[in-house]
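Shown next, in structure tokens, is the structure this report addresses.
Every number for a ligand or one of its atoms is a count from 1 in the order of the listing.
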Amino acid sequence: MSRSRMLAMAAASAISICLPNLASAQGEVNVYTYREQKLIQPLLDAFTKDTGIKVNVVSASSGLEQRIKTEGANSPADVLLTVDIGRLEDAVQGGITQPIKSDVIEKVVPAQYRDPEGHWVGVSMRARVIYASKDRVKQDAITYEELADPKWKGKICIRSGQHIYNNALIAAMIVKHGEAKTEEWLKGLKANLAQKPSGGDREQARDVAAGKCDIGIGNTYYWALMTQNPKQKEWADATKVILPTFAGGGTHVNVSGVVLAKNAPNKANALKLIEWLTGDTAQHMYADQNYEYPVKAGIKTNDIIAGYGKLNPDPMPLAKIAEKKKAAANLVDKVGFDN
Ligand code: FE
């Protein structure tokens with residue numbers, strides 16, 4: 001590692017970092033991550049065990065793209081791990097990525113879950129679903145379009161419309177139905193809200209459990225995590241997960257993913273890590289420790305997640321959803337969704 005990179009890594013330590021010591025014979029790879037280190041560290045430890053490649057981690061909850069940009073040509077960043085097409089797209093738009101060229105990735109990761117130019121790759125999947133009151137919701141199937149039906153008036157809870165998870169869902173709706181119809185849909189959904197959008201996904205289940213609403217909108221893994229959390233288990237117990245579909249069929253799926261940094265100093269090792277993340281060991285860990293859907297075919301989904309029913313992902317490429325990111329954000333403002 002050059003002196004300037006060492007300095008950049010040292011500066012990074014203000015957040016959270018494993019300081020680089022002597023690299024092993026296999027060298028090292030520097031990972032910047034928005035993903036909670038608690039979730040990601042077991043994966044990275046397993047990678048080191050498999051390959052002998054040491055992993056240095058910089059973890060933060062915001063600002064990593066800007067930081068990689070500021071570090072410029074001397075950035076120690078090799079890869080950035082993040083969630084959601086929105087954040088992957090932000091990294092690409094920020095000019096901090098380079099194409100990932102890998103036959104392994106192209107074979108394992110379905111085309112809809114990676115950038116056509118290779119600037120981002122999805123490594124695990126999650127669906128945007130309904131946490132429905134077990135007592136008050138009788139139906140076991142629902143469409144996203146139906147969320148705007150007046151029959152749900154005062155019964156829906158959701159986090160901010162500007163959160164990336166909702167942004168992607170709204171963007172997908174735009175791809176399906178166009179902006180004008182999506183605006184109507186969003187107005188209808190807003191009219192059905194029980195309360196002002198707030199909290200995270202789990203809080204929507206909490207509020208369903210408390211009787212404030214009948215259905216909450218959240219990601220698949222949060223419900224599984226609630227079942228494992230003594231304080232939140234009752235929120236899961238009060239709700240059932242329904243996998244919604246768009247009117248034409250297909251559930252909205254997003255990814256956690258990775259980009260290869262533009263100036264990656266350890267590019268070969270970075271590619272090894274990215275490929276490893278789509279391999280069997282990592283895919284089983286994504287499934288059973290993070291409760292995400294494996295992106296690799298043939299890897300078993302965790303039983304709790306499988307219990308939601310069979311996932312039929314909407315075939316829409318995430319790159320198409322990324323194109324409507326801004327339009328979706330504008331609509332949320334326009335209808336005053338969060339007001
Ligand atoms: Fe999340």
Side-chain angles (χ1 to χ4, degrees), residues 16 31-44 57 59-65 80-91 113 120-131 144 157-172 197-208 215-229 231-233 235-236 239 241-244 251-259 277 282-283 285-295 301-302 304-305 308 311 313 318 321-322 325 328-329 332 338:
S16 151
V31 171
Y32 283 32
T33 178
Y34 281 128
R35 303 220 66 186
E36 263 184 80
Q37 210 168 341
K38 190 175 79 196
L39 295 178
I40 282 312
Q41 198 59 51
L43 272 169
L44 299 177
V57 181
S59 129
S61 57
S62 67
L64 288 175
E65 293 95 345
L80 172 66
L81 293 176
T82 187
V83 296
D84 203 278
I85 180 59
R87 292 217 179 103
L88 291 164
E89 182 65 15
D90 283 346
Y113 302 125
W120 53 265
V121 167
V123 293
S124 67
M125 293 146 56
R126 61 274 303 284
R128 197 108 186 102
V129 298
I130 302 296
Y131 310 147
Y144 295 108
C157 284
I158 190 170
R159 75 193 304 169
S160 166
Q162 292 297 11
H163 189 272
I164 47 166
Y165 299 162
N166 286 332
N167 177 275
L169 175 61
I170 297 162
S198 70
D201 283 357
R202 293 184 224 214
E203 281 66 39
Q204 315 314 316
R206 175 197 68 192
D207 290 351
V208 172
I215 61 179
I217 293 161
N219 280 354
T220 36
Y221 54 90
Y222 286 118
W223 196 91
L225 288 168
M226 288 187 287
T227 67
Q228 306 300 303
N229 180 316
K231 281 191 199 131
Q232 300 169 352
K233 191 172 178 300
W235 307 346
T239 54
V241 171
I242 305 176
L243 299 180
T251 297
H252 175 64
V253 165
N254 211 313
V255 292
S256 88
V258 59
V259 305
L277 289 174
Q283 289 293 301
M285 291 176 84
Y286 277 120
D288 289 323
Q289 295 180 19
N290 293 3
Y291 300 107
E292 296 180 79
Y293 290 95
V295 79
T301 303
N302 179 273
I304 299 176
I305 302 295
Y308 304 159
L311 176 73
L318 290 185
I321 294 176
K325 182 177 189 288
V332 169
D338 285 354

Q) Any side-chain heavy atom of Y131 within less than 4.5 Å of one from I215? A) no
Q. Is a side-chain N or O of Y308 found less than 3.5 angstrom from the main chain of T220, in a donor-acceptor match?
A. yes
Q: Using the test salt bridge (charged side-chain N to carboxylate O under 4.0 Å, His left out), find all partners of E65 that sit at least two apart in sequence or belong to another chain.
A: none
Q | Environment of the Fe ion (ligand 1) in terms of protein N/O/S atoms, cut-off under 2.8 Å | A | Y165 OH, Y221 OH, Y222 OH
Q.
N166: which residues meet the side-chain hydrogen bond (donor to acceptor under 3.5 Å, both in side chains) condition with it, sequence neighbours left out?
A. R128
Q.
Tell me every residue that passes salt bridge (charged side-chain N to carboxylate O under 4.0 Å, His left out) with K231, counting only those two or more places apart in sequence or in another chain.
A. none
Q) Is there side-chain contact between W235 and N229, with heavy atoms separated by less than 4.5 Å? A) no
